[in-house]
Number of protein chains: 2
Amino acid sequence: MTTLWERSRQVAVQAILDTAVRLFAEQGYEQTTIAQIAREAGISQRSLFRYFGTKEDLVCGDQEALGELLKRTVEQQPAEMSAWDALRAGFEVILTANHPRERALELSRLIFDTPSLHARYIEKRLRWQAELVPVIRARLGNGPGRPAPDTQAKAIVATVFACIDTATELWAGHDGRIDLADLYDQCLAAVRDHG
Amino acid sequence: MTTLWERSRQVAVQAILDTAVRLFAEQGYEQTTIAQIAREAGISQRSLFRYFGTKEDLVCGDQEALGELLKRTVEQQPAEMSAWDALRAGFEVILTANHPRERALELSRLIFDTPSLHARYIEKRLRWQAELVPVIRARLGNGPGRPAPDTQAKAIVATVFACIDTATELWAGHDGRIDLADLYDQCLAAVRDHG
DNA sequence: CGCCTACTTGGCATTAACTGCCAGCAAGAC
DNA sequence: GTCTTGCTGGCAGTTAATGCCAAGTAGGCG
């Protein structure tokens with residue numbers, strides 16, 4: 001019900017985010033200090049840390065929301081669909097729900113060009129990656145002579161994310177000129193198609 | 001001329017490492033300060049930072065050497081061996097070159113339980129990955145109708161590391177009672193074996 | 001042995017990311 | 001209008017990390 005508070009919060013968040021991403025793109029992530037971002041966004045350092053717990057959250061803060069969306073989407077796929085196809089469908093949905101192309105490109109470049117950011121990004125993802133495992137396990141035919149379903153599910157989820165990551169890196173490297181979903185399919189094909 | 005300087009350096013490194021790992025295990029990584037480690041190891045803070053550039057290096061500092069070893073091992077596999085088998089052979093070598101079981105378990109648990117450490121560990125691993133890509137690309141038959149070799153190589157390397165990571169996490173979760181190489185094979189089978 | 005050079009070590013100051021605390025102010029409930 | 005609630009900003013403090021400089025020590029050389 002609190003209207004003005006929430007609305008001005010949204011505005012502030014967006015303003016800080018825009019300032020931060022602009023500065024990161026201009027001078028690099030490491031070279032940009034929290035003090036500078038706060039100054040240019042017209043907010044105190046203390047408040048900035050209340051909006052974004054860490055400097056890294058300025059870049060990969062909305063990961064959590066995307067993770068939630070991905071999980072729900074995968075769950076809702078028809079039961080007879082394979083784990084791989086369900087995850088692929090989830091990935092497709094995330095693509096459309098993400099930032100506009102230009103912004104996504106900028107963020108991806110930033111993440112893949114900054115080792116510490118890249119690592120943080122993956123680490124954050126690993127957290128909600130774990131929540132996807134039970135969803136995938138439920139979709140596996142537990143035939144005999146196969147690895148434990150948990151091992152199987154974890155490996156599949158980890159591989160899918162590895163391919164998403166690789167595809168995104170290539171996509172950013174090509175300035176978005178190649179379709180991201182196509183790249184993902186190529187990555188998965190390189191892994192799953194034998195011969 | 002390896003002299004007293006180098007020898008006492010080795011001794012100091014080992015002493016610091018032992019102190020650090022012990023303290024980390026006793027009170028947790030975040031709760032242990034550099035000042036405390038330096039004090040208990042009988043060295044100045046300044047010198048500690050000369051031996052280990054960062055606090056994280058106290059735990060995953062020898063990753064660099066392992067990465068180098070991995071790359072060399074993969075390169076030296078017979079040319080007709082597939083990319084997958086060559087990487088698997090490299091993984092096998094690393095297993096034997098790593099710390100003794102107990103120490104490796106302790107370190108793995110520490111890394112997987114500490115987000116900032118985990119991130120740093122991933123960062124170091126990403127560097128190995130990048131260096132392995134050209135080695136793997138050279139091993140790919142570039143038949144027609146396949147994804148670009150670079151895409152293929154990146155995807156394969158990323159997947160192998162995803163499986164190594166998954167296997168290691170499972171291994172640490174089972175207190176090392178299940179063979180790590182077996183877990184890795186199970187992960188890869190879950191990904192590559194269809195049906 | 002005595003000296004000189006090369007290299008290491010430790011202390012001091014500084015920066016940057018955070019965190020806790022407290023006072024002030026503005027929004028919303030009554 | 002007042003009163004409660006919760007946001008905001010400043011200030012001090014902690015921790016990791018880096019640069020600088022003075023002091024010490026190993027090792028080669030006359």
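All of these numbers come straight from a predicted model, not from anything done at the bench. All chains are named by letter (A, B, ...) in the order of the sequence lines, taking the proteins before the strands, and each is independently numbered beginning at 1.
- The side chain of R50(B) lies closest to dG10(C), out of dC21(C), dC18(C), dG10(C).
- When the P atom of dA17(C) is taken as reference, atom CD1 of I34(A) falls 5 Å away, rounded to whole Å.
- Across all strands shown, R9(A) has no heavy atoms under 4.0 Å from either base or sugar-phosphate atoms.
- Checking the phosphate oxygens (OP1, OP2) of dG11(C), no side-chain nitrogen or oxygen of S44(B) falls inside 4.0 Å.
- If you measure from atom CD1 of I43(A) to atom C1' of dG10(D), you get 14 Å, rounded to the nearest angstrom.
- For the pair Q45(A) CD and dT15(C) P, the computed distance is 13 Å after rounding to whole Å.
- Between I37(B) atom CD1 and dA17(D) atom C1' the separation is 14 Å, expressed in whole Å.
- For W128(A) and F161(A), the gap between ring centers is short of 6.0 Å.
- The CG atom of L48(A) sits 14 Å away from the C1' atom of dT19(C) (whole-angstrom rounding).
- By the 4.0 Å N-to-carboxylate-O rule, K124(A) lies too far from E56(A) to be salt-bridged with it.
- Classified by interplanar angle (parallel below 30°, tilted 30° to 60°, perpendicular above 60°), the ring pair F91(A)/Y184(A) is tilted.
- Counting non-hydrogen atoms under 4.0 angstrom, S8(A) reaches nothing in the nucleic acid.
- For the pair K55(B) and Y29(B), the cation-pi criterion (under 6.0 Å, within 45° of the ring axis) is fulfilled.
- In this structure, NZ of K55(A) is placed 18 Å from C1' of dT19(C), rounded to the nearest angstrom.
- In this structure, CD of E30(A) is placed 12 Å from C1' of dA17(C), rounded to the nearest angstrom.
- Residue-level contact check: S116(B) touches neither bases nor backbone, having no heavy atom under 4.0 Å from any strand.
- Not one side-chain nitrogen or oxygen of T33(A) sits closer than 4.0 Å to the OP1 or OP2 atom of dA16(C).
- The phosphate of dT8(D) has OP1 or OP2 within less than 4.0 Å of a side-chain N or O from Y51(A).
- Proximity note for R46(B) (side chain, C-beta onward) versus dC12(C), dA17(D), dT9(C): the nearest is dC12(C).
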Item to check | Verdict with reasoning, R120(B) to T54(B), per side chain to side chain contact (heavy atoms under 4.5 Å, CB included) | outcome: CA-CA 10 Å; R120(B) 194 55 112 151; T54(B) 70; 3.6 Å; yes

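- Straight-line distance from the CZ atom of F49(B) to the P atom of dT15(D): 12 Å, rounded to whole Å.
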